[in-house]
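Can you read through this structure? Questions will come right after.
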Amino acid sequence: MHRRDVLAVTAVAGAACVLNLEGVSFARPAGPQRAGGEETRRVTGRLPAGAPDFVHLPVEVPPGVREIAVAYTYDRPAVPAGTLGNACDIGIFDERGTELGGAGFRGWSGGARTEFAISAERATPGYLPGPVRPGTWHVVLSPYTVAPQGMAYEVTVTLRYGARGVPPRPVYPPQRARGRGRAWYRGDNHLHSVHSDGKRTPAEIAAAARAAGLDWITTTEHNTTSSHAAWQGLWGDDLLVLTGEEVTTRNGHVLALGTDPGVFIDWRYRARDDAFRRFAGRIRQTGGLVVPAHPYGTCVGCNWKFGFAEADAVEVWNGPYTPDDEMAVAAWDALLVTSARSGDRHWLPAMGNSDAHREPQTVGLPQTVVLAEDLSRPALLAGIRAGHSWIAESSAVGLSFTLTGGRGEHAGIGERLPVGDDTEVTVRLDVTGVPGCTASLVTDQGRMLTLPVPADGRVEWRTTPARSAYVRAEVRHPPADGAPADLPGAMAALTNPVFLGRQR
């Protein structure tokens, strides 16, 4: 047993400070007789309240190692009311180092697992299989919150010796499915499996997606890409699977949506570290979109603090509709006003996803419905980036939303109707599958029309560009029992806006 109470504080370039523990060394194997044997070291210590975000435990790995296995525990003392107790995540980097954005990442399980193992042939979900090469590896502890008494921890590292196996060749999902040509496609782009803190397997997620009537999904595990190669046999002409990551920082979560398979996006920084722009650029460089997730979420570290200058879209509706989603919609609408009044061509589209982790959380509640040229990664991401999309609580909801000028000019969701300021424009919403709901039309001035959805599902209203810089639609359920009459109910559907008037 080794105790590591003496800590060295260093800074990682462009990232938060880390604590470096004294390294752990293993005996060099004495020859072929060590094949099949193993060695274990245990390290204990205590982290103080206010410990840096990351604690590195160097592990000197000698030649001849077939598998590395790690387990950890930490105490959970009682804390005063209103005080956060101990919570600690874990992951590992290999001999290539811990440099921010570097090549050394080998896996992360956050707080979802207490142990993991990596060999050339296989790895625990959340971790990447591959050779266990000699050199200095780093077990990384991430004390998310630390009790006033500090956090006592124990890390156990086991090396198993033997012949190195052959790494599997990853099989990634294809970039397109058969589809229906130019059409509206339904997708859920924020999902978790056993490869991070979810409880469903990829097979169970694929089955749930098909049952929900989805055309496509994106796998977005917390801070790992291990799920990217876990969908073999699960995609098909009826279901496209895209790869991504939920980049889970201490200052908010962002979906790296539709990135190239196998591409890892680092998360080890805060807003104060001025690193986000670099990794937002990396997401786009690898074909993906930057989508801040649940920006007003109530969990520790969930509030979005990086701003929206680098965002391609924003997740305003996450899972069953709640007050933090209401806040996200209101904040997003304020950004629309700013874009409309400034003449900014680059407005921020909204999207919605389930963030489903386990039963009974529903895959496809909500879902983003995207107008795309075909069912392919490039076409779907282009549709989201352009705002040619709306959000539905389920595939039972159907919707169309168009604006028409006096001479037959027309525009749909995410488009602009370029008519004169005083031209009368007809706004038309057609919606189905929303019994008992109300429909609202919202402009830069606010909620201008609200009425029960008629039996035929059609709502019409007239305005001009002078009165309305944009129009978008909301469909809502009645307020919950006991709620104030003027409080809007939960969302059933939400569109991106249609802009009015000629571009300045």
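In this chain, numbering begins with 1 at the start of the sequence shown. Quick note: numbers below take in every heavy atom, side chains included, and nothing from hydrogens, waters or symmetry partners.
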Exercise. Within the distance-only criterion (no hydrogens, no angle test), does the side chain of R416 pair as donor or acceptor with the backbone N or O of L500 below 3.5 angstrom?
Worked result: yes
Exercise. Take atom CD in E460; do more than 12 heavy atoms of anything else shown fall under 6.0 Å from it?
Worked result: yes
For this session: Answer yes if the ring centres of W267 and F306 are under 6.0 angstrom apart, and no otherwise.
Result: no
For this session: Please lay out, stage by stage, how D197 and H357 fare under the test side-chain contact (heavy atoms from CB on, under 4.5 Å).
Result: CA-CA 7 Å; D197 60 345; H357 285 66; 3.1 Å; yes
Exercise. Shortest non-hydrogen contact from N318 to P366?
Worked result: C-CD, 4.4 Å
For this session: Answer yes or no: is there a donor N or O on one side and an acceptor on the other, between the side chain of S226 and the main chain of L128, under 3.5 Å?
Result: no
Exercise. Between CD of E315 and OG1 of T368, what distance do you get to the nearest 0.5 Å?
Worked result: 8.0 Å
Exercise. Is there a donor-acceptor contact under 3.5 Å from the side chain of N303 to the main chain of G297?
Worked result: yes
For this session: I would like to know whether H388 and I413 meet side-chain contact (heavy atoms from CB on, under 4.5 Å); could you show each step before the answer?
Result: CA-CA 5 Å; H388 297 157; I413 298 171; 5.8 Å; no
For this session: Work out which heavy atom in P497 is nearest to a heavy atom in W332; give both atom names and the distance.
Result: CD-CZ2, 4.0 Å
Seminar exercise, completed: Closest heavy-atom pair, V363 versus S354, reported as atoms and distance to 0.1 Å, is CA-OG, 4.1 Å
For this session: Using the side-chain hydrogen bond (donor to acceptor under 3.5 Å, both in side chains) rule, take T423 and R407 through it: C-alpha gap first, then chi angles, then the decisive distance, then the call.
Result: CA-CA 10 Å; T423 301; R407 297 182 179 179; over 6 Å; no
Exercise. Would you say the side-chain atoms of Y172 pair up with the backbone N or O of T243, donor to acceptor, closer than 3.5 Å?
Worked result: no
Exercise. Can D456 and R458 be counted as an ion pair, charged N to O under 4.0 angstrom?
Worked result: no
Exercise. Is there a donor-acceptor pair closer than 3.5 Å between any side-chain N or O of S468 and the backbone N or O of P465?
Worked result: no
For this session: Say whether E326 and Y296, considering side chains only, have a donor N or O and an acceptor N or O under 3.5 Å apart.
Result: no
Problem set entry | H477 side chain vs G489 backbone, donor-acceptor pair below 3.5 Å | no
Exercise. Around atom CG of D422, are there more than 12 heavy atoms of other residues, nucleotides or ligands at under 6.0 Å?
Worked result: no
Exercise. What heavy-atom pair brings L380 and V370 nearest, and what distance separates the two atoms?
Worked result: O-CG1, 3.7 Å
Exercise. So, does T495 use its side chain to make a donor-acceptor pair with the main chain of A473 at under 3.5 Å?
Worked result: yes
Problem set entry | Distance, nearest 0.5 Å, that separates CZ of F264 from OG1 of T286 | 12.0 Å
Exercise. Among T443, D444, D333, which residue meets the side-chain hydrogen bond (donor to acceptor under 3.5 Å, both in side chains) test with R472?
Worked result: D333
Exercise. Checking R377 side chain against G258 main chain: does a donor-acceptor pair fall under 3.5 Å?
Worked result: yes
Exercise. Just by modelled atom types, is the R385 backbone N or O under 3.5 Å from a matching donor or acceptor in the D312 side chain?
Worked result: no
Exercise. Does the D188 side chain pair with the main chain of N353, one donor and one acceptor, at a distance under 3.5 Å?
Worked result: no
Seminar exercise, completed: Output for pair (T224 OG1, H195 NE2), nearest 0.5 Å, gives 8.5 Å
Exercise. Quick check: are there more than 12 heavy atoms from other residues, nucleotides or ligands sitting under 6.0 Å from CZ of R277?
Worked result: no
Exercise. So how far is it from I92 CD1 to L141 CG, rounded to the nearest 0.5 Å?
Worked result: 10.5 Å
Exercise. Is NZ or CZ of R106 both nearer than 6.0 Å to the six-membered ring centre of Y127 and within 45° of the ring axis?
Worked result: no
Exercise. Say you draw a straight line from CG of L449 to CZ of R447; how long is it, rounded to the nearest 0.5 Å?
Worked result: 10.5 Å
For this session: Tell me yes or no: between the side chains of S227 and S193, is some donor less than 3.5 Å from an acceptor?
Result: no
For this session: Heavy atoms only: give me the nearest D266-R268 pair and the separation to one decimal.
Result: OD2-NH2, 2.7 Å
Problem set entry | Chi angles and distances behind the side-chain contact (heavy atoms from CB on, under 4.5 Å) call for E310, V254 | CA-CA 11 Å; E310 297 295 331; V254 61; over 6 Å; no
Problem set entry | Closest heavy-atom pair and its distance - S196, A112 | O-CB, 3.4 Å
For this session: Output, in order, the C-alpha distance, side-chain angles, deciding distance and verdict of side-chain hydrogen bond (donor to acceptor under 3.5 Å, both in side chains) for T249 and N251.
Result: CA-CA 5 Å; T249 82; N251 284 164; 5.8 Å; no
Exercise. Within a radius of less than 6.0 Å around CZ of R178, do more than 12 heavy atoms belonging to other residues, nucleotides or ligands occur?
Worked result: no
For this session: Would you please test Y185 and W216 for side-chain contact (heavy atoms from CB on, under 4.5 Å) and show each step?
Result: CA-CA 8 Å; Y185 294 101; W216 61 301; 4.2 Å; yes
For this session: With rounding to the nearest 0.5 Å, note down the distance linking CG in N496 to CG in L336.
Result: 7.5 Å
Exercise. Ring centres of W347 and Y470 under 6.0 Å apart?
Worked result: no
For this session: Report the relative orientation of the aromatic rings in H192 and H222; use parallel for angles under 30°, tilted for 30 to 60°, perpendicular for over 60°.
Result: parallel
For this session: Take T218 and N189 through the side-chain hydrogen bond (donor to acceptor under 3.5 Å, both in side chains) test and state the conclusion after the steps.
Result: CA-CA 4 Å; T218 306; N189 301 283; 2.7 Å; yes
Exercise. Aromatic rings H294 and H253: how do their planes relate, parallel, tilted or perpendicular, breaks at 30° and 60°?
Worked result: perpendicular
Problem set entry | From D215, D238, D374, D237, residue fulfilling salt bridge (Lys or Arg N to Asp or Glu O under 4.0 Å) relative to R180 | D215
